[in-house]
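Have a look at this one.
Proteins come first, then strands; the chains are lettered A, B, ... in the order of their sequence lines, and each starts at number 1.
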Number of protein chains: 2
Amino acid sequence: MKSNHVTLKDIARILELSPSTVSRALKDHPDINEETKKLVKTFAEKVNYRPNALALSLRRQKTNTIGLIIPEIVHHFFSSVISGIEDLAYGEGYNVMICQSNENYQREVIDTQALIDHRVDGILVSVSKTTRDYNHLRNAYDNGIPMVFFDRIVEEIKTDRVITDDFQGAQIATSHLIERGCKNILHLAAPQHLVIGSRRKEGYLKALEDHGIKADEDLIVKCDTREYVFSLQQHLMKLIEQKHIDGIFAVNDSTAIATMQALQSEGIKIPDQIKVIGFGDGPNADIAYPPLSTVEQKGYETGREAMRLLLQRLENPGIEINFSTKVLTPTLKQRQST
Amino acid sequence: MKSNHVTLKDIARILELSPSTVSRALKDHPDINEETKKLVKTFAEKVNYRPNALALSLRRQKTNTIGLIIPEIVHHFFSSVISGIEDLAYGEGYNVMICQSNENYQREVIDTQALIDHRVDGILVSVSKTTRDYNHLRNAYDNGIPMVFFDRIVEEIKTDRVITDDFQGAQIATSHLIERGCKNILHLAAPQHLVIGSRRKEGYLKALEDHGIKADEDLIVKCDTREYVFSLQQHLMKLIEQKHIDGIFAVNDSTAIATMQALQSEGIKIPDQIKVIGFGDGPNADIAYPPLSTVEQKGYETGREAMRLLLQRLENPGIEINFSTKVLTPTLKQRQST
DNA sequence: GTTTAAAAGGATGTCGAAGTCCTTTTATGG
DNA sequence: CCATAAAAGGACTTCGACATCCTTTTAAAC
């Protein structure tokens, strides 16, 4: 069993024509006789001829492939992004080459290089958490490959971007808790060196301020994973009792869900005694008990927008378009936890 | 900003050498003087020269890319599979081209064709639920592209396979329910034209038989998605009442979880009144209320094994190796729903 | 009967890399 | 001093598709 792809030359040899003629017959070139065209087309169909994409790309200097660098496919947000990108890309005749950095800087560098080596027409990137140096991306950029950053952007590199308004999202979430009657709201926060960490905290503080509630530094706890919640369980319980916590805004859904589970194991009723809200709206929110209210982060739209911005550049080569930043506003998705 | 990739010819022109010399200098060919080599290498490094992967693939008749066709990336099982595949592939110098069929036959056909067009060296496939015709895959096969099926295999095409022992998994799950005291066990099944659908049903039946319980065709309901559960809710409730159902084995976790939610909304206590077990063990099982007992399906291992089988063929071209089927045995993961 | 052009198709070069073959220069042996 | 070979590097070809340029045949025009 060996590779046996049919080429133009093969067809030409068998039909006793020149490769040029076969090529033109297949693309309805006026110089070719109708009879000949029919003959060639019928035969090509019969032997299942398909032009070699590599040869085409090499010749055309265009691969019709775009590269995607993404931290982790397992996260629902990112897999939704992929769908958004693909749906648009496919429609326009582009393929997507997906690379998973696994939140690993080294891998991200290798992936970027692989995409450049394959001469992708454009790159969509969401950088890994561990990436501090951006030379690999700048390199792609310098090679003239259009790039669009989404979600985890690199501020140092000026290009198109698609981001979620984390500040406003957090504000919406916190305001919602306040409107549902919460007075003492705990915020489980992400590390402050991450943009989402600080922005979401700021939104939380802004909402408190807007409603005339004094912020309390003790009510902001660094805790952004499921495991973290359980290891802090004792501490959190003490805090809840001392501060009469009646609402919790967690920086992401899985932390929010773990928190609900921890509280329930201590006999606390949700939402009656404490209301909980998350951020992100993956499918977990629906599965949790009670279903989790959260702020919906639009993965599919993020992908679509990023691809749209990229296509704009690819379809208008040579035309200078000012870089734009698309900000998506997350929306409240109320369920039974608030 | 235009594409400005450096080529061998560019380097040759600037250094006033021939392209051949530059090519050989870069690969340490003995015919080239050390001085020249150093000159070329230094310069190549400086201008960030990277060979064009397209040109290389065309010349070598090998792309070092393998194609992956997968139903839906959002599913935890499949994204784990991807990780398993990538970890092995990267190490061996292969890139992975991921295509998502979205459980859509048409898309799967297009994806397969795209992979063939790109002349991937091999293909890993898990077929979509809606695929009934396998000509697109047979086509790839006839083109001499090695294939490995995983999880959702096609029995008609003889090639390497990696599957989970669905029969045994279902048997383990059902036996577990019986051992926990269930007498009337409902099975929410996948379509029977899917191998996982029929095998899991058979495992369920075998477990009943082993424990001397008579099977009842009415207790096998085709229902394999979250949405399906809610649309069948009335019907299921009637069935549960009439048949005194005390245990449910769902063909996958999300169906199991949705079922628990549906039952709970009708006031039924889990596991006290009805015990529920799923299949797959994604991260959702831990989040569900109560945490879902399930049969652990090994996504990462599945991907690794599939890639391993494919590599075996790619690294031994021309050598005939008998097709093998690797069967992974799932294990019981008991939580609080049983 | 010759000019002219349209119709139909072939030959050649290009994209980028690299293997095969060929040429030039220099050194060594007899 | 010539023969021979090693050292160093260039020319040519190939992978597959296709665009550009070139050739042949035939029919129309004068």
- Item | Test log, rule salt bridge (Lys or Arg N to Asp or Glu O under 4.0 Å), inputs B:Glu72 and B:Lys129 | CA-CA 11 Å; B:Glu72 287 191 297; B:Lys129 278 184 194 173; over 6 Å; no
- Distance-only donor-acceptor check, side chains B:His136 and B:Glu108, under 3.5 Å: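 There is such a pair between these side chains.
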- Where does DNA chain C pair, written as one dot-bracket string 5' to 3', with Watson-Crick or G-U pairs under 3.5 Å, ( ) inside the strand, [ ] for crossing pairs and | for another strand? ||||||||||||||||||||||||||||||
- Check DNA chain C against residues 31-38 of chain B and give the residues with a non-hydrogen atom under 4.0 Å, in numerical order.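 Nucleic-acid contacts, sorted: none.
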- Message: Just checking B:Lys326: does its NZ atom have more than 12 heavy atoms from other residues, nucleotides or ligands closer to it than 6.0 angstrom?
- Response: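 Not buried by this count: 12 neighbours or fewer within 6.0 Å.
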- Item | Within 6.0 angstrom of B:Lys38 NZ, more than 12 heavy atoms from elsewhere |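 Counting other residues, nucleotides and ligands, NZ of B:Lys38 stays at 12 neighbours or fewer.
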- Task: For B:Tyr49 and B:Val6, work out which heavy atoms get closest and say how close.
- Result: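 Looking at all heavy atoms of both residues, the closest pair is CD1-O, 3.4 Å.
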- Should B:Ser57 and B:Arg119 count as side-chain neighbours, where that means a heavy-atom distance under 4.5 Å?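 They are not in side-chain contact.
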- Give a yes or no on this: more than 12 heavy atoms of other residues, nucleotides or ligands lie within 6.0 Å of atom CD of A:Glu35. no
- Could I get the full list of salt bridge (Lys or Arg N to Asp or Glu O under 4.0 Å) partners for B:Arg60, not counting sequence neighbours? none
- Message: At under 4.0 Å between heavy atoms, how does the protein contact nucleotides 13-20 of chain D? Give one character per nucleotide, 5' to 3', with B, S or -.
- Response: -BBBBBBB
- Could you check B:Ile69 against B:Leu124 for side chain to side chain contact (heavy atoms under 4.5 Å, CB included), going step by step and ending with a plain yes or no? CA-CA 6 Å; B:Ile69 298 176; B:Leu124 301 174; over 6 Å; no
- Message: On a heavy-atom basis, which atom in B:Phe77 and which in B:Lys298 lie closest, and how many Å separate them?
- Response: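 Taking B:Phe77 first and B:Lys298 second, the nearest heavy atoms are CE1-C, 4.1 Å.
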- Message: My understanding is that only residues two or more places apart in sequence, or in another chain, count here; which of them pass salt bridge (Lys or Arg N to Asp or Glu O under 4.0 Å) with B:Arg152?
- Response: B:Glu103
- Message: Need two values: the first and the last nucleotide of DNA chain C, 5' to 3', having an atom under 4.0 Å from any heavy-atom of chain B.
- Response: C:dC15 to C:dC21
- Query: Does A:Arg313 count as lying over the ring of A:Phe323, i.e. NZ or CZ under 6.0 Å from the six-ring centre, within 45 degrees of the axis?
  - Reply: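 Negative - A:Arg313 is either too far from the ring of A:Phe323 or too far off its axis.
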